[in-house]
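The sequence lines fix the lettering, A, B, ..., with proteins before strands; numbering per chain opens at 1.
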2 protein chains.
Amino acid sequence: MPDTLSQRFAALADPTRRAMLVQLSRGQASVSDLAKPFLKEMSLPAVTKHLKVLEKAGLITKTREAQWRPCQLNGEAFKDVADWVDQYRTIWEQRFDRLDAYLKTVTAKQNPTGKNYGRKK
Amino acid sequence: MPDTLSQRFAALADPTRRAMLVQLSRGQASVSDLAKPFLKEMSLPAVTKHLKVLEKAGLITKTREAQWRPCQLNGEAFKDVADWVDQYRTIWEQRFDRLDAYLKTVTAKQNPTGKNYGRKK
DNA sequence: TGGTTAATTAACCTTATAGTTAAGTAGCAG
DNA sequence: CTGCTACTTAACTATAAGGTTAATTAACCA
């Protein structure tokens, strides 16, 4: 069950792949262009595999031009990810609300959160 | 070398864990609260493991209260992710620029991108 | 003290991921 | 046709991820 969003997050969970995306954000590049910074650390087939992961996740598009495979970013996929994360925007903008909640916590003695979890009574 | 951002993306790359985060966005919840929607599909230790992944990624914080382990979201971690993705905002807002680039492409005959990749001459 | 609830740890299994080397395909240039 | 450049595929290996069951810890309750 590899849903699209899971594939996208998984693809982003690798520093090599993220570095490739950074390079692509500066414009279209071929496989060997993208491989260049990594050929000391890994082989070309490894690079091919990383690009395949990015492609399957929809983050990049690979086209053909003679013997080259120019790659470019796919904006919509990034927007998908951004939209999901944005659901949590209120959470990270909530500092003061959370401080407020904390102050209530230290005031109350027992069961500070006011929740009773699974308690029977 | 699991850098923080990689850990965060990896933690988000699982629908069960994302569902847990959704629940936590509605407020603090204990491990068994979080487990409830999943106990038909998986065991409690599996839930514990998922929460450990979220915790190591810094996306949630687990505290202690008697025999319960209330969990809550950690806003900063989400902000980290959002900030990274936001680097690509221009890409997905670039529709018209890309249409423009495409129009140039269909006009030029040879080597449409104007790039020469690794070509010697 | 003994039992129940909440959660974790240990040991194990299966599959996926990230890498390797070696061989194969495809386009172009002499 | 030969050979170089660009890239992919195949086959294999090692480790990590996600799940299981069974046993363990820990806090509360009667």
Residues at least two apart in sequence or cross-chain that pass side chain to side chain contact (heavy atoms under 4.5 Å, CB included) with B:S43, listed by chain then number, are B:P45, B:A46
Give me the residues of residues 49-60 of chain B where at least one heavy atom lies under 4.0 Å from an atom of DNA chain D, by number, or none.
B:K49, B:H50
Indicate yes or no for a side-chain donor-acceptor contact from A:S30 to the backbone of A:W68 under 3.5 Å, with no hydrogens or angles considered.
no
For D:dG19, take OP1 and OP2 only and decide whether either is under 4.0 Å from a side-chain N or O of B:S43.
no
Helical bend (five base pairs per end, nearest 10°) for the helix from C:dT1-D:dA30 to C:dG30-D:dC1
10°
Could you check whether any side-chain N or O of B:N74 sits under 3.5 Å from a backbone N or O of B:G58, counting only pairs where one atom can act as donor and the other as acceptor?
yes
Please check if the side chain of A:R17 supplies one atom and the backbone of A:A11 the other of a donor-acceptor pair under 3.5 Å.
yes
Sequence neighbours excluded, every pair satisfying ring pair (Phe, Tyr, Trp, His ring centres under 6.0 Å) that has a member inside residues 21-64 of chain B:
none
What distance do A:I60 atom CD1 and A:F78 atom CZ have between them, rounded to the nearest 0.5 Å?
9.0 Å
Taking only residues two or more places apart in sequence, or in another chain, which ones meet A:R18 in a side chain to side chain donor-acceptor pair (under 3.5 Å)?
B:D3, B:S6
A:L39 CG to D:dA6 P: how many Å, rounded?
12 Å
Atom-pair distance (CG on A:L44; P on D:dC4), nearest Å:
18 Å
With the side chain defined as heavy atoms from C-beta on, A:M42 is closest, among D:dT9, C:dT20, C:dA18, to C:dT20
Residues two or more places apart in sequence or in another chain: which of them pass salt bridge (Lys or Arg N to Asp or Glu O under 4.0 Å) with B:K62?
B:E55
Side-chain donor-acceptor pairs of residues 80-89 of chain B under 3.5 Å, sequence neighbours excluded:
| from | atom 1 | to | atom 2 | distance (Å) |
| --- | --- | --- | --- | --- |
| B:D80 | OD2 | B:R8 | NH1 | 2.4 |
| B:D83 | OD1 | B:K79 | NZ | 3.2 |
| B:D83 | OD2 | B:K79 | NZ | 3.1 |
| B:W84 | NE1 | B:Q87 | OE1 | 3.4 |
| B:D86 | OD1 | B:R89 | NE | 3.1 |
| B:D86 | OD1 | B:R89 | NH2 | 3.0 |
| B:Y88 | OH | A:V22 | N | 3.2 |
| B:R89 | NH1 | B:E93 | OE2 | 3.3 |

d(CE, A:M20; P, C:dA18) in whole Å:
12 Å
If I compare all heavy atoms of A:A57 with all of A:A77, which pair ends up nearest, and what's the gap?
O-CB, 4.5 Å
Heavy-atom contacts, protein to nucleotides 22-27 of chain D, under 4.0 Å, summarised as B (base), S (sugar-phosphate only) or - (none) per nt, yield B----S
Rounded distance (nearest 0.5 Å) linking atom CG of A:L59 with atom CG of A:L51
11.5 Å
Just how far, in rounded Å, is C1' of D:dA17 from CZ of B:F9?
19 Å
Report the distance from atom CG of A:L34 to atom C1' of D:dC7, rounded to the nearest whole Å.
13 Å
